[in-house]
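Predicted model, so just to flag it, every value in this text is computed and none were measured.
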Amino acid sequence: MRNANKFDIPELWEMMLQFRSEAPLSFLQQIQNKEYFDFLMMRIIAGAGAIFIEEGKGILISLIAPSIWCDKTLLLSELAWYVKPEFRNGTTGYRLIKKYIEHGKQLKESGRIKAFTIGKMANSPNIKYEKFGFSKLEESWIQ
């Protein structure tokens with residue numbers, strides 16, 4: 001388990017294609033902008049968030065962005081948390097989320113962010129985020 005670097009971008013892309021193929025949203029299947037993906041990954045790697053990778057097994061990608069209320073109030077948001085099917089029900093997913101939580105707590109303690117979030121897709125396993133210290137804030141719905 002480690003922070004991703006620019007040399008990991010091809011593997012990140014491949015895992016995100018797998019993630020997308022399992023997503024319950026058909027419109028995502030038609031979206032393909034590798035140039036933007038590469039740009040965003042480089043921006044995150046440069047400090048606009050964090051990407052944790054367990055090579056060949058899973059990734060967790062997060063981004064720091066301002067709150068809607070104030071451009072100086074920053075939040076860290078998980079964008080994608082994906083573990084390849086053959087490594088699910090093992091420790092990869094747990095290690096990824098623990099690394100994300102440690103990173104989020106460090107950013108909060110240093111004053112860089114005010115909070116960090118994690119999402120759950122409708123077809124994801126029923127993970128009890130409360131045991132990791134998260135509180136439910138909202139649900140997202142799409143049409």
Side-chain angles (χ1 to χ4, degrees), residues 1-69 73-143:
M1 177 80 45
R2 61 177 175 78
N3 290 0
N5 60 55
K6 66 181 182 178
F7 301 108
D8 294 311
I9 292 176
E11 183 174 359
L12 296 172
W13 175 252
E14 290 303 316
M15 279 204 218
M16 286 303 297
L17 291 175
Q18 288 178 286
F19 176 78
R20 179 180 71 179
S21 73
E22 295 179 35
L25 299 170
S26 60
F27 77 89
L28 289 176
Q29 305 308 320
Q30 283 71 47
I31 299 171
Q32 186 114 338
N33 187 339
K34 178 81 164 65
E35 291 172 6
Y36 172 71
F37 180 84
D38 291 350
F39 166 79
L40 182 59
M41 294 304 102
M42 286 300 293
R43 189 170 162 245
I44 292 172
I45 289 166
I51 304 171
F52 305 110
I53 185 168
E54 187 154 330
E55 290 179 56
K57 295 181 178 182
I59 56 174
L60 194 150
I61 301 172
S62 61
L63 179 69
I64 296 173
S67 157
I68 195 168
W69 303 108
T73 302
L74 302 178
L75 307 171
L76 176 69
S77 298
E78 169 261 332
L79 299 178
W81 179 21
Y82 180 74
V83 176
K84 288 183 174 184
E86 61 268 30
F87 298 104
R88 293 176 189 163
N89 298 315
T91 60
T92 299
Y94 176 78
R95 287 195 308 271
L96 287 165
I97 194 173
K98 288 299 282 183
K99 185 80 169 161
Y100 174 69
I101 291 167
E102 289 169 11
H103 182 67
K105 285 180 178 180
Q106 289 172 350
L107 291 175
K108 278 179 69 173
E109 289 169 9
S110 72
R112 181 153 183 226
I113 65 168
K114 291 291 182 186
F116 56 100
T117 66
I118 192 156
K120 179 185 175 300
M121 289 187 110
N123 64 337
S124 293
N126 192 19
I127 297 166
K128 297 193 182 312
Y129 291 111
E130 298 88 355
K131 75 177 184 178
F132 293 104
F134 290 98
S135 299
K136 187 174 183 179
L137 176 64
E138 64 182 20
E139 292 183 29
S140 294
W141 298 79
I142 194 164
Q143 186 177 58

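Counted within 6.0 Å of CD1 on Ile68, heavy atoms from surrounding residues, nucleotides or ligands total 12 or fewer; the atom is thus considered open. Glu35 CD: 12 or fewer foreign heavy atoms inside a 6.0 Å radius. By the 6.0 Å contact criterion, CG on Asn89 is open, its count of non-hydrogen atoms from other residues, nucleotides or ligands being 12 or less.
Side-chain contact check for Arg43 versus Leu63: some heavy-atom pair is nearer than 4.5 Å. The shortest distance between side-chain heavy atoms of Lys57 and Val83 does not fall below 4.5 Å. Side-chain atoms of Ile59 and Phe52, non-hydrogen and from C-beta on, never get closer than 4.5 Å to each other. Contact check for Leu74 versus Lys114: no side-chain heavy atoms found under the 4.5 Å cut-off.
Partners of Phe39 under the ring pair (Phe, Tyr, Trp, His ring centres under 6.0 Å) rule, at least two apart in sequence or in another chain, do not exist in this structure. In this structure, the side-chain hydrogen bond (donor to acceptor under 3.5 Å, both in side chains) partners of Lys34, at least two apart in sequence or on a different chain, are Asp38. Judged as a side-chain hydrogen bond (donor to acceptor under 3.5 Å, both in side chains), and not counting sequence neighbours, Asn3 has no contacts. Residues that satisfy the side-chain hydrogen bond (donor to acceptor under 3.5 Å, both in side chains) test with Thr117, not counting sequence neighbours, are Ser77. Residues passing the side-chain hydrogen bond (donor to acceptor under 3.5 Å, both in side chains) test with Glu86, sequence neighbours excluded: none.
From Phe116, atom CZ reaches atom CD1 of Ile64 across 12.0 Å, with rounding to the nearest 0.5 Å.
Salt bridge annotation for Lys136-Glu130: absent, with no cationic side-chain nitrogen under 4.0 angstrom from a carboxylate oxygen.
Counting only residues at least two apart or in different chains, salt bridge (charged side-chain N to carboxylate O under 4.0 Å, His left out) contacts with residues 88-113 comprise Glu22-Arg88, Glu54-Arg95.
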Problem set entry | From CA spacing to verdict: side chain to side chain contact (heavy atoms under 4.5 Å, CB included), Ile9, Met42 | CA-CA 8 Å; Ile9 292 176; Met42 286 300 293; 3.6 Å; yes
Problem set entry | side chain to side chain contact (heavy atoms under 4.5 Å, CB included) evaluation trace for Met15 with Arg20 | CA-CA 9 Å; Met15 279 204 218; Arg20 179 180 71 179; over 6 Å; no
For this session: Could you walk me through whether Met41 and Lys6 pass side chain to side chain contact (heavy atoms under 4.5 Å, CB included), step by step?
Result: CA-CA 8 Å; Met41 294 304 102; Lys6 66 181 182 178; over 6 Å; no
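Classified by interplanar angle (parallel below 30°, tilted 30° to 60°, perpendicular above 60°), the ring pair Tyr100/Phe134 is parallel. Using a 30° and 60° split on the angle between ring planes, Tyr129 and Trp81 fall in the tilted class, from 30° to 60°.
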